[in-house]
Amino acid sequence: MSEAARESRRAGRLTASPAILLLFIWMIVPLAFTVYFSTQNYLLLDPENRGFAGLENFSYFLSSSSFLNSLLITLKLVGSVLVITVVLGVLISVLVDAKFPGQGVVRMLLISPFFIMPTVSALIWKNLLMNPVSGLFAWLFQLVGLTPINWFSDWPLLSIIIIVSWEWLPFAILIFVTSLQSMDQEQKEAAQMDGATPVSIFRYLTLPHLARPIAVVVMVEAIFLLNIFAEIFTTTSGGPGDATTNVPYLVFTQALLEFDVGTASAGGLVAVVLANLVAAALLRVFGKSLTQA
Amino acid sequence: MPALKQRRQIADTVRAICSWLIALIIFFPIFWMVITSFKTELGAFSMPPEFFFKPTLENYREIMEANDYLHFAWNSLVTSGGATLVGMLLAVPAAYSFAFHPTRRTQGILTWMLSTKMLPAVGVLVPIYLMARDLGLLDTRLVLVIIFALVNLPIMVWMIYTYFRDVPRDILEAARMDGATLFQEMFRVLLPVSRGGLASTALLSLILNWNEAFWSINLTTTQASPLSALVASFSSPQGLFWAKLSAISTLACAPIVLLGWGSQKQLVRGLTFGAVK
Amino acid sequence: MAQLEIKSLTKSFGDTRVIKGVDLRVEDRDFCVFLGPSGCGKSTLLRLIAGLESVTSGQILLDGQDITEAPSAKRNLAMVFQSYALYPHMSIRQNMSFALDLAKVDKKVINEKVTRAARILELEPLLDRKPAALSGGQRQRVAIGRAIVREPRIFLFDEPLSNLDAALRMQMRLELARLHQDLKATMIYVTHDQVEAMTLANKVVIFNGGHIEQSGPPQELYRRPVNKFVASFLGMPQMVFLDATLEGGVLKLVNGGEIPVPTGLPALAAGTRVTVGVRPEQMSLAEPGRGQLQGRVQMIERLGSDAYAYLALPSGGRLTVRCEGDVGAIEGTDVSAQLNPERVHVFDANGVAIHHPTFR
Amino acid sequence: MAQLEIKSLTKSFGDTRVIKGVDLRVEDRDFCVFLGPSGCGKSTLLRLIAGLESVTSGQILLDGQDITEAPSAKRNLAMVFQSYALYPHMSIRQNMSFALDLAKVDKKVINEKVTRAARILELEPLLDRKPAALSGGQRQRVAIGRAIVREPRIFLFDEPLSNLDAALRMQMRLELARLHQDLKATMIYVTHDQVEAMTLANKVVIFNGGHIEQSGPPQELYRRPVNKFVASFLGMPQMVFLDATLEGGVLKLVNGGEIPVPTGLPALAAGTRVTVGVRPEQMSLAEPGRGQLQGRVQMIERLGSDAYAYLALPSGGRLTVRCEGDVGAIEGTDVSAQLNPERVHVFDANGVAIHHPTFR
Amino acid sequence: ATTLTIGTVNNGDMVRMQALSKTYTEQHPDVELRWVVLEENTLRQRLTTDITTGGGQFDVITIGAYEAPMWGRKDWLTPLEKFSPTYDVDDLMPNVRKQLSVDGKLRALPFYSEGSITYYRTDLFAAKGLKMPEEPTWTEIRGFAEKLHDPSKNVYGICLRGKAGWGENMALVTTIVNAYGGRWFDEKWQPQLDSPEWSQAVNFYVDLLSKFGPPGPSSNGFNENLTLFNAGKCAMWVDASVAGAFVTDKTQSQVPDKVGFVKAPRQVTPKGSSWLWTWALAVPKSSKQQQAAFDFIQWATSKEYANLVAKRYGISAMPPGTRLSTYANAEYMKATPFARVTQEAIQTANPDSPTLKPVPYTGVQFATIPEFQAIGTQVGKSISGALAGSSKVDAELKKLNESVQRTIKRAGYIK
Ligand SMILES: Nc1ncnc2c1ncn2[C@@H]1O[C@H](COP(=O)(O)OP(=O)(O)OP(=O)(O)O)[C@@H](O)[C@H]1O
Ligand SMILES: Nc1ncnc2c1ncn2[C@@H]1O[C@H](COP(=O)(O)OP(=O)(O)OP(=O)(O)O)[C@@H](O)[C@H]1O
Ligand SMILES: [Mg+2]
Ligand SMILES: [Mg+2]
């Protein structure tokens with residue numbers, strides 16, 4: 001290998017290593033603890049009775065009926081929010097891409113929900129909007145003569161999906177709008193001259209151009225959505241029943257409602273494995289558009 | 001052909017109206033929150049909703065009286081700003097390396113980085129708490145800075161990486177030919193050129209840190225508590241509380257919203273390299 | 001039939017006026033070439049015609065119909081962009097068939113047209129690749145192909161051949177000429193290359209700083225440039241300009257030497273200062289003292305087929321003479337240049353032409 | 001003093017070998033031009049010299065010192081990129097002064113150099129703009145300016161003039177030549193343009209498919225091309241190739257007609273198939289039947305100073321003849337082409353040259 | 001100066017304490033108080049992590065009747081002795097004291113206590129000519145609810161907790177089960193969720209609330225119901241006695257003078273039909289300022305503090321349920337219509353013998369074992385699911401019984 005190539009490789013390694021090293025520590029140390037705890041009978045409220053439990057924690061966590069259910073809920077939640085945010089995000093970004101009066105303000109309004117704390121937005125939606133008795137939606141429904149919807153008991157998962165989509169739609173819009181800026185104008189012009197209508201420009205140029213940002217949005221959102229917690233905690237607490245208990249919430253229940261560190265650690269590890277599976281699947285689908293030029 | 005011009009104008013108008021409508025709908029919950037914060041508790045709950053009312057600053061007064069808002073805000077600023085800074089310092093070189101000096105393992109490392117992000121926080125609370133305790137970091141801003149930075153590092157690396165991928169290699173090579181060292185190449189060419197993407201990433205990190213609640217609540221008590229912990233103390237008290245909750249939420253989110261609005265131009269500028277070629 | 005008329009068109013970007021009032025008529029089946037220095041607004045004018053920029057003032061008429069405000073999709077013009085502007089995610093075949101697909105043309109017809117265009121442009125083996133996998137020259141050909149298949153009312157080309165190598169350029173040039181004849185299409189073509197301008201165009205428009213200096217058939221422009229700018233812009237190497245004064249029936253050159261007044265030069269007052277323009281190919285080298293102009297060989301550029309001798313005149317002026325490729329002159333030696341007085345152009349003090357040589 | 005030596009250099013991208021063993025010596029103050037078809041590896045070789053790509057095998061020596069492994073920042077070479085590679089966030093002035101800033105040159109000196117380069121390149125009014133606000137040609141000039149101000153040991157140019165108009169191109173060409181003389185710099189220059197190659201270079205290197213076909217002074221290459229590839233690559237319009245058989249002291253052309261064997265042709269067996277090469281400027285048009293080759297005028301390209309007549313031969317071949325700019329031939333009429341048998345090149349069946357005309 | 005870090009719940013009473021603590025710091029200028037105010041669940045998790053790992057972040061913690069004896073037994077809380085002479089320990093209600101003591105020694109001081117009582121709207125009852133008995137049964141309550149339920153006028157027959165959580169719906173459901181004669185475990189720690197008592201009680205609860213309750217009851221906890229009741233939308237409400245102060249507060253209630261108070265409903269037995277809960281202040285062993293912290297919690301639970309509240313917020317705002325003297329105060333009893341019912345609820349609840357049939361655990365609406373949180377959480381979740389109509393009660397109870405058995409076995413209660 002030539003000196004120049006070696007140099008470049010050294011530069012590469014040197015610049016990447018702090019991040020990799022720290023992340024490695026950040027990952028491996030708690031992970032080691034977690035692996036250790038997952039084999040322990042460790043009830044936080046009863047620390048003296050700690051002891052080796054073998055794989056009991058895993059079998060306990062995996063065999064509980066809530067687990068499969070939570071898995072399903074997680075996938076439904078992640079999937080729906082991804083679809084909603086990407087589809088609406090693309091449409092809205094394209095809509096606000098053209099110049100019109102107040103464009104800047106509109107964009108600001110559009111990305112605002114992203115700045116709101118998850119707890120706060122969950123509270124706003126739960127109390128001010130979706131409350132079946134005194135929420136604004138209930139009022140609107142009554143205004144047109146309909147019975148208000150019991151959002152959190154009749155459509156718990158849908159309610160969560162709406163809230164989370166509202167929070168993450170701005171992120172998609174932000175990324176897409178940014179990306180649309182860098183779209184080659186001459187390509188659009190060429191298509192215009194080719195007689196393309198705005199719809200076909202969207203279909204044949206804009207969408208393909210957005211492939212990579214869509215991949216970024218899907219990846220980033222998926223990571224966060226797999227870990228959605230605050231919204232569920234503040235609105236439905238995983239209920240009614242376990243209609244909105246996703247994997248993180250289930251782990252939370254184990255860890256901090258039941259203070260069962262052993263099972264929670266086992267659950268955490270299972271969640272990591274699952275998340276990695278999802279990530280690998282996503283990477284297979286979207287990875288190409290992410291890493292290829 | 002005035003007809004055509006007119007049609008175009010109509011189309012533009014329709015589009016503008018649609019955009020405004022959607023924006024207002026999406027923004028409405030926030031607007032409603034701010035409005036509610038100026039109502040009395042009874043007014044906040046009244047049905048049908050009050051649209052016209054006499055605004056009161058009572059809620060804000062009460063909150064300010066009971067809590068040192070500035071203390072919490074300062075903590076938020078220091079922790080999220082500090083973590084963003086640290087994160088950028090780590091992420092930019094890493095992303096640079098992945099984008100411009102890729103090896104066969106790059107792909108794998110990137111994927112692995114993302115997977116670290118997927119450890120559910122609750123699952124590792126106890127080990128982290130133990131470590132923080134043993135290092136004497138409980139209730140310090142430093143512990144939040146470290147954790148925030150590390151938690152968001154993978155996302156930041158990814159985002160910056162994708163932005164760097166869009167930078168034409170030519171201009172970096174030109175800088176190298178101009179005698180730039182690695183350092184100069186980064187700071188005088190690469191970073192200025194991709195500042196839109198960097199701004200997006202930094203803002204994203206700032207937002208995520210600012211809004212982070214789990215670690216904030218669990219690792220701090222009073223000294224280092226940020227605004228998200230303050231909000232948690234209002235999240236479900238007894239009695240009517242919507243107005244007060246709205247007020248504290250408004251207070252907690254206002255700084256970051258304003259910052260986001262201020263940097264919107266930077267964000268949306270994006271990367272245009274038309275000038276290079 | 002596609003005839004284009006432009007009436008007092010102007011275009012400003014912010015405060016800078018880029019097009020400063022252009023009047024132009026391009027007839028049906030014209031091959032009209034825009035020539036001009038870099039930054040003079042050629043691309044901008046093309047984009048105005050295409051409807052990609054909005055007009056500041058003035059009118060554009062296509063077949064007598066005002067299209068100043070029409071959206072470009074409705075104009076049925078095709079454009080080959082300076083930057084190619086290929087659709088990066090579509091294969092070459094899709095790139096070329098895109099417009100026809102949109103127009104819902106029959107699949108078989110599309111296929112036929114694309115295949116034909118690909119054959120003309122030697123793109124057949126590449127049809128299934130993506131643009132990223134092509135070299136610069138290949139991309140440019142795809143861009144041309146994209147325009148060809150459309151059979152538009154007017155073709156607009158923005159420096160379409162600038163990235164091709166000489167052999168391919170020549171081949172494409174002939175191809176374009178043939179295309180022009182075959183399709184009986186109207187074409188507007190921006191280029192930097194005189195050879196392209198001279199060989200392809202039946203109408204050349206010389207731009208300078210946002211306005212038209214002269215337009216007309218290439219030979220006409222070459223032979224009868226209306227001013228020094230046009231004269232210097234056409235012709236490789238450039239026309240040589242020599243300051244002179246009219247004195248007693250001869251043109252006394254400021255650089256020394258004199259030539260008889262060419263026949264047909266309008267009567268001028270004695271002592272009038274004029275500029276004499278001679279094309280390098282209208283001069284030849286001679287032994288020192290034998291030609292009208294004495295000088296020293298400063299440099300000889302040998303192109304193979306020809307050579308250009310650059311002479312330094314005693315007064316400090318400079319002269320270019322085209323010679324045979326294997327001319328024997330040696331740099332640093334004294335020579336003289338001989339010119340045919342009947343073959344000179346004469347310009348007045350403002351650079352406006354007052355006399356051209358007559359050609360058979 | 002900057003002398004470059006390249007020893008059996010190869011470069012592969014993955015499995016594709018792009019540079020297939022190149023040996024080359026560029027002497028101090030040489031102006032070396034790389035010519036070759038698109039995709040033959042010219043840019044790649046330039047990048048290897050610049051240190052922007054790592055060498056697969058072989059050596060690069062600068063002034064006898066091995067720089068194969070040196071980082072490009074340490075080589076003190078300047079490069080003008082084919083894609084310009086301007087820094088989009090810097091003003092033109094900053095773009096041009098960047099390298100000097102990095103080298104911590106005195107502000108006044110920088111300013112002086114930038115101003116001088118801007119004047120040469122007619123960029124003065126644009127100095128405070130960003131690259132995005134420039135036209136294509138203007139950007140290219142900035143890229144050249146960036147190299148000029150550095151006064152590096154070797155200039156590397158990758159098609160620097162391809163987007164400029166003829167006048168500016170010519171001016172830049174002379175400017176580069178002058179620069180070369182003034183700076184006494186070594187220059188390596190990639191181009192598609194033969195005129196540039198012939199006029200600027202004192203050494204031309206003809207590439208084809210990753211290896212060197214021939215290198216040497218331009219006139220040498222033009223007059224004594226070692227094979228058909230080089231012969232066809234240099235010269236505008238291309239050399240005309242006519243297949244022939246040696247029969248009884250004459251070369252019987254496959255297209256009909258015959259020419260006497262040129263003096264000095266090595267002895268060949270009768271019946272040997274050879275290719276005769278004639279440059280278009282070595283032929284002239286004549287009345288039908290008067291010249292050696294009979295044909296019909298297919299097209300006449302008039303460039304002003306010259307015209308090219310394209311003749312269709314009865315057998316289907318094609319012939320290019322260079323004529324006077326105002327030649328009277330009419331398209332569609334029968335003519336004949338006359339050639340000087342002493343001025344032909346002869347190639348064997350493999351395309352290797354076996355005879356060249358002698359020049360005085 | 002001494003800095004005390006106080007972790008507390010964001011209840012109205014605690015928030016008041018925070019406001020009034022200025023008085024304390026004026027008296028003790030060398031003490032600085034730092035507050036960590038959190039929602040109940042969050043606070044519990046925060047405190048548990050800190051106390052169990054010995055984080056030492058808190059000097060004063062707010063814990064409930066559930067944690068106090070358990071944590072005391074683990075010796076995580078400092079035993080409280082040597083009270084200041086003015087404190088009057090014996091004034092504390094005996095039942096409450098019992099709840100907070102380990103081996104007869106106090107480990108936490110009660111801040112306020114509550115039982116569960118029935119709230120009803122006197123105006124609505126009068127309008128329909130109904131009369132609420134002093135000791136209603138659940139069957140009677142159902143009858144009233146049926147008559148008063150009028151969703152078209154935005155009035156719902158009854159509001160009850162439906163939100164999942166061992167401290168939310170399970171507090172209420174356990175008291176209903178108790179009233180129906182049921183229990184969590186038999187003497188041998190066998191879970192009893194598949195017993196007929198549980199089935200009756202839970203079926204009744206689900207039926208009542210889904211037929212005559214507000215829309216979406218499964219997401220209503222204490223706060224949501226309070227909000228509903230204050231807005232005048234509930235005809236009846238069975239919940240903690242502390243709410244009495246809020247529903248009669250003119251600044252937050254739209255029906256302050258239309259509320260009646262009676263005991264929590266019984267059914268086959270009154271035993272265990274009203275819960276007992278105490279919020280108490282304790283000093284963790286890991287605190288470095290134990291004496292200062294002890295001083296503070298004495299002040300915060302003292303008569304002096306109660307008087308301070310009375311002076312500042314009105315007499316009916318005095319911390320309820322902790323001191324006998326409060327209920328001996330005629331002025332308080334007069335100003336506070338719900339005081340008598342509260343007092344009775346607290347006095348009759350017996351954590352040591354909570355149910356009709358004998359049980360191996362203490363606690364009325366919970367079992368004081370570490371595993372109960374897990375069990376309660378899980379059962380609460382299922383019942384709220386049943387309430388939302390996503391599952392059948394009996395099948396669900398059967399499944400729950402098995403799962404509880406598993407948990408309790410795993411913890412070693414059943415050999
Ligand atoms: N968007 C713009 N904003 C401001 N000035 C512009 C813009 N586009 C072009 N110009 C300026 O307008 C002038 C004409 O530009 P144009 O691209 O038409 O030149 P051109 O004749 O095509 O040049 P070239 O031959 O170099 O391509 C240039 O001076 C350029 O700097
Ligand atoms: N990074 C790369 N990976 C793989 N192949 C490459 C790479 N860069 C160049 N090539 C290939 O190497 C060959 C030579 O490329 P190069 O750019 O040197 O050609 P060139 O002679 O400069 O052509 P042009 O005149 O069109 O600029 C081309 O076939 C090209 O496809
Ligand atoms: Mg242009
Ligand atoms: Mg190249």
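First the proteins, then the strands, lettered A, B, ... as listed; each starts at 1.
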Notebook entry, point to check: After noting the C-alpha distance and the side-chain angles of Leu128(A) and Ser246(B), does the key distance pass the side-chain contact (heavy atoms from CB on, under 4.5 Å) rule?
Noted result: CA-CA 9 Å; Leu128(A) 301 184; Ser246(B) 299; 3.9 Å; yes
Item checked: Worked check of side-chain contact (heavy atoms from CB on, under 4.5 Å) between Leu95(A) and Cys18(B) -> CA-CA 8 Å; Leu95(A) 185 69; Cys18(B) 281; 3.9 Å; yes
Checklist line | Stepwise side-chain contact (heavy atoms from CB on, under 4.5 Å) check, Val106(A) with Trp20(B) | finding: CA-CA 6 Å; Val106(A) 162; Trp20(B) 271 100; 3.5 Å; yes
Next item on the list: Decide yes or no on side-chain contact (heavy atoms from CB on, under 4.5 Å) for Trp210(B) and Met117(A), but give the supporting numbers first.
Entry: CA-CA 8 Å; Trp210(B) 187 278; Met117(A) 293 179 189; 3.9 Å; yes
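With a 4.5 Å cut-off on non-hydrogen atoms, Phe37(A) touches chain B through its side chain but not through its backbone. Contacts of Leu150(B) with chain A are made by both backbone and side-chain atoms, with heavy-atom separations under 4.5 Å. Heavy-atom distances place no part of Phe31(B) under 4.5 Å from chain A, backbone and side chain included. Contact annotation for Leu130(B): only side-chain heavy atoms (C-beta onward) come within less than 4.5 Å of a heavy atom of chain A. Interface remark: Ile26(B) contributes backbone and side-chain atoms alike to the contact with chain A (heavy atom separation under 4.5 Å). Proximity to chain B (any heavy atom under 4.5 Å) is restricted, for Leu169(A), to the side chain, taken from C-beta onward. Proximity to chain B involves both the backbone and the side chain of Ile116(A), based on heavy atoms less than 4.5 angstrom apart. For a residue to count as touching a neighbouring chain, one of its non-hydrogen atoms must lie under 4.5 Å from one of that chain's; by this rule Thr13(B) does not touch chain A. Both the backbone and the side chain of Ser228(B) come within less than 4.5 Å of a heavy atom in chain A. Contact of Ile175(A) with chain B is made through the side chain alone, with heavy-atom distances under 4.5 Å. Interface residue Leu208(B): only side-chain heavy atoms are found under 4.5 Å from chain A.
Residue Arg15(B) comes nearest to Val94(A) through the heavy atom pair NH2-O, 2.9 Å, listed as atom of the first residue, atom of the second, then distance. In terms of heavy atoms, Ile256(B) sits closest to Phe115(A) at CG2-O, 3.3 Å. Smallest separation of non-hydrogen atoms from Ile22(B) and Leu110(A): CG2-CD2, 4.2 Å. Between Thr34(A) and Pro127(B), the closest heavy-atom pair is OG1-CG, 4.3 Å. The minimum heavy-atom distance between Asn152(B) and Phe224(A), with the atom names listed, is OD1-CZ, 4.3 Å. Nearest approach of Ile124(A) to Pro29(B), heavy atoms of both residues: CG2-O, 3.7 Å.
Distance check: Phe214(B) CZ to Thr119(A) OG1 gives 12.0 Å after rounding to the nearest 0.5 Å. Rounded to the nearest 0.5 angstrom, Leu245(B) CG and Lys126(A) NZ are separated by 10.5 Å.
Note on Met159(B), Glu212(B), Met33(B): by heavy-atom pairs under 4.5 Å with chain A, the leading option is Met33(B). Put simply, of Phe114(A), Phe100(A), Tyr36(A), the one with the most heavy-atom pairs under 4.5 Å next to chain B is Phe100(A). In terms of heavy-atom pairs under 4.5 Å with chain A, the best-connected choice from Asp12(B), Leu204(B), Ile146(B) is Leu204(B). Chain B forms more heavy-atom pairs under 4.5 Å with one residue of Pro248(A), Gly102(A), Ser38(A), Ser121(A) than with any other, namely Gly102(A). Counting heavy-atom pairs closer than 4.5 Å to chain B, the top-ranked of the candidates Leu274(A), Leu129(A), Leu109(A), Ile92(A) is Leu109(A).
Counting only heavy atoms from C-beta outward, the side chains of Phe27(B) and Met108(A) never approach each other to under 4.5 Å. Side-chain atoms of Pro113(A) and Ile30(B), non-hydrogen and from C-beta on, do get closer than 4.5 Å to each other.
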